[in-house]
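Data block below; observations after.
This chain uses plain numbering: 1 for the first residue, then up along the sequence. First listed ligand is number 1; within each ligand, the first listed atom is number 1.
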Amino acid sequence: MSIRDQFPILNQTVYGKPLVYFDNAATTQKPQSVIDTLCHYYTSLNSNIHRGAHHLAVQATEAYEETRREVQAFINARHAHEIVFTRGTTESINLVASSFGQQYLHPGDEVIVSAMEHHSNIVPWQLACQRQGATLRTIPFSDQGILDLQAFQNLLNEHTRIVAVNHVSNTLGTVNPIVDIVNIAHSHGVPVLVDGAQSISHMVVDVQALGCDFYCFSGHKMYAPMGIGVLYGREELLDTLPPYQGGGEMIKDVTFERTTYNELPFRFEAGTPSVGDVLGLHAAIDFMRETGIDTIAAHEKDLTDYATMKMEEIEGLRIIGTAPHKTSVISFLVGNAHPYDVGTLLDKLGIAVRTGHHCTQPIMDRYGIPGTVRASFAIYNTREEVDTFIAALRRIVPMLM
Ligand code: PLP
């Protein structure tokens, strides 16, 4: 079966036009194998894990733990217990901001994030800083959308406790130099959290090669179901953090006087997890491996280069985020038109894009714009769809100028 045929949702019309789904940075569609896995789980395997002596519970537990090992291999973590299942990137970052903040942030300390973060990698740190009396500092970026590493070096000082940056910006598409950032931070003894929400589906991620201390991502942006995500934490650091949530599974012994906590990774997985979605994540990783991550990256680069070239030919259209090293995200504006108007007109032609601030209001403030229109590609998109998109833009742009 062709890659595209594995995604049944794409085979539909919108307002009588074939659906062109270019909103992949928000969430990717799911291949049949992931859908079948969910169906199989609820048809044949559903059971609460870890606590049951019966057949179904044992099988579900094995499949759940097997996925943990699959994720470990997928991102080349040293140990399976460095993989914590969460609901998504947002929860992974909140977990670290909360637990790390409680353990390591004190009045007068500083946390560094970049100015191109998603709100998910800003607000949890703001909350942690407010609770602990610490200060949030930001790494600026250039007009092209490139982080200023000199400014970053200047921000680091003896008060810095952690650096949190995205691997890829969801608005600008910039691929950030994580190895350089990690090396600089580590030379000051400062750990680094990487928000991998926008990188995990586009490139090989090797957490040991990156050298980062935490890496966070969401299943739903990498062909897996919604509601499942991952926190990778380097054992030596993760093991020093206090629990994030209390409840079942994360404990060793509970009395009313005193509770002792479970070992990694269970200490951070309170309550019943979304087992079916975890198995769906396994199927999504299988899909990506079978397709080939290099194949995915090459195809998306071709679509991005092709679309960028065609868009640059359209007068009145301005691309926001022009770093040389980008993933398949193209943010743009048409004259002074509001992004929402462009998105609505494209929608009427069957083309799904995202409009607005993309949960990155500081980026919009940096450029002095209200938002952008964002087209983002995945492995199942085609050059023909890009042609349809360009033809639509050529119709729309004169109407808005
Ligand atoms: N970080 C980045 C860079 C993102 O693009 C997103 C989602 O768009 C998130 C974090 C939050 O991901 P989720 O909503 O899946 O938790």
message: Can you tell me how the ring of His338 sits relative to the ring of Tyr340, calling it parallel under 30°, perpendicular over 60° and tilted otherwise?
response: perpendicular
Aromatic contact, Tyr380 with Phe7 (centres under 6.0 Å): yes
message: Under a plain distance cut-off of 3.5 Å, with no hydrogens placed, do Asn24 and Ser376 share a side-chain donor-acceptor pair?
response: no
query: Name the residues in contact with ligand 1, where contact means a heavy atom under 4.0 Å away: which are they?
result: Thr89, Thr90, His118, Ser120, Asn170, Asp195, Ala197, Gln198, Ser218, His220, Lys221
query: Any donor-acceptor pair under 3.5 Å linking the side chain of Thr138 with the backbone of Ala115?
result: no
- line: Those residues at least two apart in sequence (or on a different chain) that pass side chain to side chain contact (heavy atoms under 4.5 Å, CB included) with Arg234 are Glu82, Asp213, Tyr232, Glu236, Leu237
- prompt: Under 3.5 Å, side chain of Thr13 to main-chain N/O of Gly16, donor-acceptor pair present?
  reply: no
